[in-house]
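Here's the structure, in structure tokens; my notes come after.
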Amino acid sequence: MEFSGQTVVVTGAASGIGLATARSFAAEGAHVIVADIARDKGEEAAARLRADGGKADFVPLDVASDDSIAAFAQTAFAIGDVAVLANVAGYGKGQPFVENTMDFWGRVVDINLMGPIKLTRALLDPMISRRSGKIVNVASDAGRNGSSGETVYSGAKGGLIAFSKGLAREMARYAINVNCICPGPTETPMLMALPEAHLDAFRRAIPFHRFARPDEIADAILFLASDRASYITGQTLSVSGGLTMF
Ligand SMILES: NC(=O)c1ccc[n+]([C@@H]2O[C@H](COP(=O)([O-])OP(=O)(O)OC[C@H]3O[C@@H](n4cnc5c(N)ncnc54)[C@H](O)[C@@H]3O)[C@@H](O)[C@H]2O)c1
């Protein structure tokens, strides 16, 4: 199994793409740290992975809280050497920019951009000391192309893409790979919360005329976290059924 003996942190692992990613890592032998703000769903996800024969622990994490990140890092280090960090947790809702409140902007930026930056910083030093590690950030095609009704989210995800490239350059000397996955519309609670008209427009525009399954995004995350991607860093991979072709 590709990730046997490795400790892997997956944020947002209680739902959607994060849950599918945690499941795939566990199936490949990783000890998965299921990190999420949603305690009940996170506990349930970890229990399900263990019931399926995997190794998993739920550790609560709010990526928008500095105290929570510090406590999480301590617990994660006690569980094992974190070989892979998959920053999957995210937040957004469709709404015209001119109707957004400043509180909403703050939350979007804190969860989608500052959260991954801060968690990466908290988990990075041991990767630098060991001179190995894989960081996979889940951004969005909104961050490459813009998305109407998701303007500040697009800005936060664009920031995450640029952050990943800068970090990839700085971390290359320590043999740490940093890459981004940009999912297209993917069948998860976050997507299904968008207005039906928005969903219809997406379905028509996607060359495959269907949304991604969360496990299809997980496959790309696992690839970039694996040794098969040892010479890939600073890249942004859209997994979008051809909706975007960069
Ligand atoms: N679903 C899509 O169509 C789509 C498209 C492009 C990008 N994305 C990105 O993929 C990632 C996963 O999205 P999803 O569709 O699976 O969403 P989801 O809503 O199903 O899951 C998101 C998870 O993140 C967790 N979370 C939210 N705020 C958090 C916080 N402050 N701290 C820790 N955990 C928190 C939630 O509890 C939830 O379990 C996100 O970064 C999202 O922006 C999704």
Side-chain angles (χ1 to χ4, degrees), residues 11-21 36-38 41 61-66 68-69 86-120 136-166 180-214 216-218 220-221 236-246:
T11 74
S15 175
I17 294 167
L19 176 59
T21 303
D36 206 289
I37 195 170
K41 284 172 69 186
L61 170 68
D62 177 359
V63 297
S65 154
D66 294 355
S68 175
I69 288 174
N87 278 308
V88 187
Y91 166 75
K93 71 172 180 196
Q95 186 185 57
F97 173 66
V98 294
E99 292 174 19
N100 292 169
T101 63
M102 285 180 74
D103 277 355
F104 174 69
W105 291 347
R107 195 163 162 67
V108 168
V109 173
D110 282 351
I111 296 176
N112 294 292
L113 177 58
M114 292 313 299
I117 291 174
K118 289 176 178 176
L119 183 62
T120 298
V136 183
N137 292 323
V138 173
S140 169
D141 273 346
R144 307 186 88 182
N145 211 29
S147 175
S148 185
E150 298 181 301
T151 295
V152 176
Y153 174 84
S154 301
K157 293 297 195 181
L160 183 59
I161 292 167
F163 163 71
S164 304
K165 292 179 184 179
C180 259
I181 292 292
C182 289
T186 306
E187 264 177 34
T188 70
M190 179 185 277
L191 179 77
M192 294 308 165
L194 291 177
E196 189 51 40
H198 211 120
L199 297 179
D200 264 358
F202 275 145
R203 278 193 204 93
R204 281 196 303 274
I206 296 168
F208 281 160
H209 294 306
R210 67 171 178 85
F211 298 139
R213 298 187 312 269
E216 291 176 308
I217 310 299
I221 295 172
T236 308
L237 175 62
S238 291
V239 184
S240 62
L243 176 63
T244 47
M245 299 189 187
F246 291 99

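Looking at Glu150 and Val108, their side chains never come closer than 4.5 Å, going by heavy atoms from C-beta outward. Inter-residue side-chain proximity for Leu19 and Pro214 is flagged as unmet; no heavy-atom pair is nearer than 4.5 Å. At least one side-chain heavy atom of Ile17 sits less than 4.5 Å from a side-chain heavy atom of Ile221.
Closest approach of Pro185 to Ile206, counting heavy atoms only: CG-CD1, 4.1 Å. The two residues Arg144 and Cys182 make their nearest non-hydrogen contact at CD-SG, 3.8 Å. When all heavy atoms of Ser147 and Ala142 are compared, the closest pair comes out as CB-CB, 3.7 Å. The two residues Thr11 and Ala89 come nearest to each other via the heavy atoms OG1-N, 2.9 Å. When every heavy atom of Ser68 is checked against every heavy atom of Asp62, the shortest pair comes out as OG-N, 2.8 Å. Minimum interatomic distance between Asp36 and Ala13 (heavy atoms only, all atoms of both residues): OD2-N, 3.2 Å.
Between atom OH of residue Tyr153 and atom CD of residue Gln95 there is a gap of 15.0 Å, rounded to the nearest 0.5 Å. The line from OG of Ser238 to CG of Asp141 is 3.5 Å long, rounded to the nearest 0.5 Å. The distance from the CE atom of Met102 to the CG atom of Asn100 is 11.0 Å, given to the nearest 0.5 Å. Taking CG of Asn137 as the start and NZ of Lys157 as the end, the distance is 9.0 Å to the nearest 0.5 Å. Note that OG1 of Thr186 is 8.5 Å distant from CD of Glu216, once rounded to the nearest 0.5 Å. Here CD1 of Ile181 is found 10.5 Å from OG of Ser164. Values are rounded to the nearest 0.5 Å.
Aromatic ring orientation, Trp105 versus Phe97: parallel (interplanar angle below 30°, classes split at 30° and 60°).
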Steps toward side chain to side chain contact (heavy atoms under 4.5 Å, CB included) verdict (Arg204, Asp200) | CA-CA 6 Å; Arg204 281 196 303 274; Asp200 264 358; 3.9 Å; yes
Side chain to side chain contact (heavy atoms under 4.5 Å, CB included) between Leu199 and Leu191: does it pass, once the steps are laid out?
-> CA-CA 8 Å; Leu199 297 179; Leu191 179 77; 3.7 Å; yes
Trace of the side chain to side chain contact (heavy atoms under 4.5 Å, CB included) decision for Val152 with Phe104 = CA-CA 9 Å; Val152 176; Phe104 174 69; 5.6 Å; no
Just do the side chain to side chain contact (heavy atoms under 4.5 Å, CB included) check on Leu160 and Asn112 with the steps written out, would you?
-> CA-CA 8 Å; Leu160 183 59; Asn112 294 292; over 6 Å; no
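Salt bridge Arg107/Asp110: absent, no basic N to carboxylate O contact under 4.0 Å.
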